[in-house]
Number of protein chains: 2
Amino acid sequence: MTKPTINPDLEVERRNASFNVSKMTEFLHGGVQQLKRVKQIKKQLLGEKIFGITSNGKSAEEIYDLSVKKNVILFELVAKYNWNIDDLTIAHELLTTGLPLSLQIMMFIPTLERLCTDEQKQKWLPLAKSYKLLGTYAQTELGHGTNIRDLKTRADFDQENNQFVLNNPFPDGIKWWPGGLGKTMNCAIVLASLYVDNQYKGLEAFLVPIRDMETHEPLLGVQVGDIGPKMGLLGSDNGYLILKNVRIPRTNMLMKYSEVDRNGRYIQHGDPKANYGAMTLLRSGFVRISALGLQAAATISGRYSCVRRQGHLDSKGEEVKVMDYVTQQYKITGNIVNAYALTLISMSTADYYHKVFQEISVDNWTNLLELHTITCGLKAFCSEISSDGIEVSRRACGGHGYLASSGLSNLYVDHLPVVTVEGENTILYLQVARYILKKVSSFALKGEGLPPSLQYVSEPTNGPISIETLTGLCKILQIRSSFQAKRVAEKFQNLLMSGENQGIAWNKCSQELVNAAKAHVECIGADMFMRAFQKSSTIYPDLVPMLEKLLKVYFYQRILEGAIDYVESGAVTIKNLDVIRERHCEYLTSLRKDVIPLVDAFDMEDEQLKSAIGCYDGWAYDRLYNEAQISPLNKLQVQPAFQKYIKPLQIKSKL
Amino acid sequence: MTKPTINPDLEVERRNASFNVSKMTEFLHGGVQQLKRVKQIKKQLLGEKIFGITSNGKSAEEIYDLSVKKNVILFELVAKYNWNIDDLTIAHELLTTGLPLSLQIMMFIPTLERLCTDEQKQKWLPLAKSYKLLGTYAQTELGHGTNIRDLKTRADFDQENNQFVLNNPFPDGIKWWPGGLGKTMNCAIVLASLYVDNQYKGLEAFLVPIRDMETHEPLLGVQVGDIGPKMGLLGSDNGYLILKNVRIPRTNMLMKYSEVDRNGRYIQHGDPKANYGAMTLLRSGFVRISALGLQAAATISGRYSCVRRQGHLDSKGEEVKVMDYVTQQYKITGNIVNAYALTLISMSTADYYHKVFQEISVDNWTNLLELHTITCGLKAFCSEISSDGIEVSRRACGGHGYLASSGLSNLYVDHLPVVTVEGENTILYLQVARYILKKVSSFALKGEGLPPSLQYVSEPTNGPISIETLTGLCKILQIRSSFQAKRVAEKFQNLLMSGENQGIAWNKCSQELVNAAKAHVECIGADMFMRAFQKSSTIYPDLVPMLEKLLKVYFYQRILEGAIDYVESGAVTIKNLDVIRERHCEYLTSLRKDVIPLVDAFDMEDEQLKSAIGCYDGWAYDRLYNEAQISPLNKLQVQPAFQKYIKPLQIKSKL
Ligand SMILES: Cc1cc2nc3c(=O)[nH]c(=O)nc-3n(C[C@H](O)[C@H](O)[C@H](O)COP(=O)(O)OP(=O)(O)OC[C@H]3O[C@@H](n4cnc5c(N)ncnc54)[C@H](O)[C@@H]3O)c2cc1C
Ligand SMILES: Cc1cc2nc3c(=O)[nH]c(=O)nc-3n(C[C@H](O)[C@H](O)[C@H](O)COP(=O)(O)OP(=O)(O)OC[C@H]3O[C@@H](n4cnc5c(N)ncnc54)[C@H](O)[C@@H]3O)c2cc1C
């Protein structure tokens, strides 16, 4: 009996999709053109066997070697296929794991483009694009990440020599974390406090050579190295950097927005607002990364749950697919639903981002602050849902989810930095809260207008609200958010009135502020996916019923998770809640038969998932077995440790 | 200026503890005697430098070598200091990470003691205790973990040769996961379906030699190996095992409770209930492991939060310790509180365990089922709180929490199996739910009595309940649990009445069943720590105010987390909830000044925490720097990858 190509347990799941899977794939990729592009890059990239090799079981040195090799091959593909930055971003997303040189493209070159004068660009960009200059972005220090205003690295202008002298104090001033800084890059954009005549001028960026361009040895006065093993992203050599009287030419300060002239005058020009842009782009990138991470986890755990048979519902008959257990559906289908919601959110966030930057290009800055707040909030919100969701998926695969070959453990640990980098999530929520507080207070106290994203705060909250329509559900989210925003604004005001100082009052309210921010971001998220959903309804009308169902379940999940808030705000009654629970369970169960079509629609390749249990063919056990065969420990039948340690122990121990 | 031994930021925190720290340490260790014992073992164990070496950055082979070495040295310490099994358990707890031979002591020898006849014990125990026989416990298969009734490995009795013949089908019957099976052990207790004359008799345990006792080579018919890299516990070579017509003597079946005689008769004797015992002990062990894991995370993140200064509350002055941010207190202090609660729960669980086993020793089995249910539930509950709490702590340390040298990432990934092993948590909750459903239904329908742990279901739920007393708070937990138990029992009954079959009805209610089980386990937990608390009040009266405060905060946290349930059940009103929130925040803030004393009281050694940021002296940055110096990548200034890959890329790329 030969084995069928596809595990029949999975095959059968693919037969009766209640929606058009390939149309869904197209929609999720933003249209047929974009899907074609992604498919092509996938083929070009994943055709290279090296990208299928994982770091599992390898030493730090081996992993580094492998990762540089991968990265260089990636760059060769860029040249070979003439990929632009968007193409390369797609490629990075497909690879997920950390690469030593990725900041070259993601941060170094973009920062040069953003902060350099034309002259500087002419000089450095060709060097950077031909990999002569390999650069990272060195902002964080051992002692400072979130609060960059107090960075300790300083650059003193030495007028006599027309140079800057860079120093950072030990230990808290040591630059710490920049990707590729450890062993790979030969220069860094260093954020430092600029001093002229010992007078602080501002935080500025400097291009600092750190390794010899020929020999790659650290330059004089530079101590540089790797910061050591991490939880994940093992391939990227995050590094540290100590500068002792390192001298660079005056012209190595990135001078587009501010400069120090030959005479030591500090001059600012241009609009510093433009600087928001970069972070905004990075953060909206994280929304997408969150969606993709959750898609991968949902695909793996969804497929595995349909081939894993365990236990019985009846005393007779075959064992049950674990996917048929309702508790499992809460875990797996719940995550699939979230993955869809996040994907739609990320699609509209990207659209919104482009719209605002279009405006900016014609010098209309109105929406930049909104965009900034929205991307802060969505980055925090989406990254939390995806990280927690990936772990739920992993646990839902039982013991096998703990194996590296499941793909889930690597996915999780590599994904986890999203909650910390580009703004630690609590900090981002507090930023959003500051915006809410300001806007809601001036609305309440001075009758000032509200920005678009907060418009709902001024809207009436009564009237019967349907839990059966998407707009009704949106409204429910808004009522709760509005309630929380007003409540915390009032508490804050009262504290101020009672004589508390601003900072203390802020701190006292901070947990409620975070909660209010989360509530608001949920509304933004809902608004974002409603846009994507509405767009779909014209271009992909056939998909509407399924998308609507998914989004409803998503809404129910959000409401049930924050149920007490909704009840307290009057957005739903206890009685309503029971209906929502019922509806939620009903829909979740009704999605059972579409689980595999839904995850297939994400169109993730086996080479991308690197998961023995989540493969398209569903032969989880055979693949787990095959993966075990390449375990490093299996190279030898008997490991040296037997003769070295165990034998002597046996001899020593008297019977 | 020489640096003080202790970071002044930490020093100052130790000055004004509002309770007696060393008394607290004593109490948490179960008294002065036990504390002394633990301290002695710590000294004996952690004095060995090897236990300070981590696996960070090493290859699978290097890690295995190191781990076997550690394990053998551990066994030498056992002999040297004449440790008993409790001492060794303490030592294991101190080491936390996986060791290849740990199942020898934790499962192999205990199983032999439990399931062997006297004759078998005489033969095998001395061999096991002198490490000639190195054994693991092979139950799980690739295809079956939770549902062991359908294990595929079979043992056929061959009467002619007086042997059993063992086989397991490829791939789902492959034994998979047993600790140390990969490369270390030379035999395994194999769980297999016993067949005599092709007739199924039952699931039985067999002692199966797998490697030659001299050469350590796999025996004929045996294929054995490592299952590959894992998320954590890298030191334990979990393995797989394929048996092809492997023959063992009839007498290698463990025959205390059932045997196959020379003529192929299958005979059962003794009370199979006794088998519950072993799992119960393991599970109550997990309650303790959960408490210890959370203690470690709380210690590290608590200390780091008091030396990490980041940002300002005021525009002027020094930067703030992040511990002073209220949002941080919700994370860190919240976990400290949970760590205390879990510790108290684990203390009483151990007491209860011993009490029940005392009863059993005089043939009183009354409480065994209760004990079983309680340990199932508490294992699931505590392991979830600890795993999630460790991750909260890790994230609360910002970027540095992602470094292996923080200690938190290893702690987390090594700890995570607790939610999966010895009963996956959802499964355990469903077991508890089955018990609740049965007891509550026969109480409601037939007026039968309730077991002690469910007594509260029959108690009145009205009357004003104080949220200011521990007994009041206990009551609140019970009212909610009672409500949920009755509600799901009713739903289940209704489904049955409407003609649904048992299995389907069960499945339909399963999410509510899990929730009801969680609610019940919260009550058990509360009951457990109330016992420990009451005990403390006579022996350590000075500690009572602090313990009471901690437990109240714990209660508030539980209630706020499940707030909607409490409101729905009528246990608290929305108005009450506001008071609870306020009280919670008040107490949490008031604990701020005791954060360091509270974590110091856990008495965790630096060598045990292996954390640069959580050390007793608080010099986080210096230690992070020192740890980076030993990063494998820093052995060379220039890694070979530069010449191998980067140079050629630079040369190829035209400027
Ligand atoms: C994988 C990885 C890659 C990285 N790559 C780079 C890179 O290439 N270049 C670079 O420059 N940096 C990099 N970083 C550093 C990263 O930017 C910082 O770690 C991140 O900004 C978080 O800051 P932090 O570590 O200082 O966290 P902290 O601010 O120390 O956070 C610790 C805790 O304090 C709390 N906290 C801090 N301030 C406040 C406040 N004002 N109010 C309330 N709570 C507060 C936080 O909420 C958190 O719970 C990287 C980090 C990682 C993990
Ligand atoms: C680090 C580690 C060490 C281990 N060591 C050993 C060892 O030494 N010896 C050994 O024999 N084994 C060992 N194991 C295996 C371990 O015992 C199993 O992994 C564990 O029992 C969980 O079972 P599973 O993997 O089959 O999970 P599964 O049962 O496959 O769980 C997958 C999902 O299905 C759901 N599910 C399954 N059945 C039901 C049901 N009836 N109703 C509702 N939902 C259901 C679960 O809730 C879960 O979400 C180890 C595992 C790990 C991770």
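Just so we're on the same page: letters track the sequence lines, and every chain starts at 1.
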For [X], is it the side chain, the backbone, both or neither that has a heavy atom under 4.5 Å from a heavy atom of chain A?
X	result
B:Asp324	backbone
B:Arg309	backbone
B:Leu577	side chain
B:Val326	both
B:Leu588	neither
B:Asn501	side chain
B:Pro218	side chain
B:Tyr566	neither
B:Gln629	side chain
B:Trp176	side chain
B:Tyr429	neither
B:Ala563	both
B:Asp212	neither
B:Ile174	side chain

Check whether [X] reaches the backbone of [Y] with its side chain - one donor and one acceptor, N or O, closer than 3.5 Å.
X	Y	value
B:Gln639	A:Tyr64	no
B:Asn634	A:Asp226	yes
A:Gln637	B:Gly225	no
B:Tyr402	A:Val413	yes
B:Lys647	A:Thr215	no
A:Lys644	B:Val68	no
A:Lys132	B:Ser653	yes

Checklist entry - Is there side-chain contact between A:Asp388 and B:Glu391, with at least one heavy-atom pair below 4.5 Å? => result no
Next on the checklist: Side chains of B:Glu568 and A:Asp578, heavy atoms from C-beta outward: is any pair under 4.5 Å?
Outcome noted: yes
Checklist entry - chain B heavy atoms under 4.5 Å from A:Leu133: which part of the residue, side chain, backbone, both or neither? => result neither
Item to check | chain B contact via A:Tyr240 - which portion, at a heavy-atom distance below 4.5 Å | outcome: side chain
Checklist outcome for this item: Sequence neighbours excluded, the answer for salt bridge (charged side-chain N to carboxylate O under 4.0 Å, His left out) partners of B:Glu512 is B:Lys491
Item to check | All salt bridge (charged side-chain N to carboxylate O under 4.0 Å, His left out) counterparts of A:Asp622, not counting sequence neighbours | outcome: A:Lys3
Item to check | Verdict with reasoning, A:Asp65 to B:Tyr645, per side chain to side chain contact (heavy atoms under 4.5 Å, CB included) | outcome: CA-CA 9 Å; A:Asp65 191 273; B:Tyr645 314 115; 2.7 Å; yes
Pick whichever of [options] has the most heavy-atom pairs under 4.5 Å with chain A.
options	result
B:Ile630, B:Leu624, B:Ile504	B:Leu624
B:Leu66, B:Asn71, B:Leu233	B:Leu233
B:His144, B:Gln643, B:Glu627	B:His144
B:Arg581, B:Lys652, B:Gln329, B:Gln502	B:Arg581
B:Asp150, B:Asp314, B:Thr420	B:Asp150
B:Ser59, B:Gly503, B:Ser67	B:Ser59

Checklist entry - So how far is it from A:Ser405 OG to B:Ile227 CD1, rounded to the nearest 0.5 Å? => result 7.5 Å
Next on the checklist: To the nearest 0.5 Å, what is the distance between OH on B:Tyr625 and CG on A:Leu142?
Outcome noted: 10.0 Å
Checklist entry - Please walk me through it: do A:Glu424 and B:Lys331 pass salt bridge (Lys or Arg N to Asp or Glu O under 4.0 Å)? => result CA-CA 14 Å; A:Glu424 190 272 339; B:Lys331 304 176 195 174; 3.4 Å; yes
Checklist entry - If you tally heavy-atom pairs under 4.5 Å against chain B, which of A:Leu513, A:Asp565, A:Leu313, A:Leu403 wins? => result A:Leu403
Checklist entry - So which of A:Gly228, A:Gly401, A:Gly143, A:Pro417 has the largest heavy-atom pair count under 4.5 angstrom toward chain B? => result A:Gly143
Checklist entry - Between B:Phe642 and A:His216, how do the two ring planes meet: parallel, tilted or perpendicular, split at 30° and 60°? => result parallel
Item to check | Aromatic plane relationship, A:Trp177 with B:His400 - under 30° parallel, 30 to 60° tilted, over 60° perpendicular | outcome: parallel
Checklist outcome for this item: side-chain contact (heavy atoms from CB on, under 4.5 Å) with A:Tyr325: of B:Ile427, B:Thr426, B:Asn507, B:Leu430, only one passes, and it is B:Asn507
Do you know the tightest heavy-atom contact between [X] and [Y]?
X	Y	answer
A:Glu61	B:Pro632	OE1-CB, 3.5 Å
A:Val638	B:Glu217	CG2-OE2, 3.7 Å
A:Leu633	B:Ala60	CD2-O, 3.8 Å
A:Gly57	B:Pro229	N-CG, 3.7 Å

Item to check | side chain to side chain contact (heavy atoms under 4.5 Å, CB included) evaluation trace for A:Gln650 with B:Leu134 | outcome: CA-CA 10 Å; A:Gln650 291 177 323; B:Leu134 297 168; 3.7 Å; yes
Checklist entry - Please walk me through it: do B:Glu384 and A:Arg395 pass salt bridge (Lys or Arg N to Asp or Glu O under 4.0 Å)? => result CA-CA 11 Å; B:Glu384 221 156 279; A:Arg395 292 187 194 179; 5.4 Å; no
Next on the checklist: Applying side chain to side chain contact (heavy atoms under 4.5 Å, CB included) to A:Val567 and B:Ile564, what does each step give before you reach the verdict?
Outcome noted: CA-CA 8 Å; A:Val567 171; B:Ile564 192 67; 3.7 Å; yes
Checklist entry - Going through the checks in order, is the side chain to side chain contact (heavy atoms under 4.5 Å, CB included) test met by A:Met231 and B:Leu408? => result CA-CA 9 Å; A:Met231 193 171 188; B:Leu408 286 166; over 6 Å; no
Checklist entry - Is there a salt bridge (Lys or Arg N to Asp or Glu O under 4.0 Å) between B:Glu62 and A:Lys58 once you walk through the steps? => result CA-CA 10 Å; B:Glu62 290 164 340; A:Lys58 296 193 171 58; over 6 Å; no
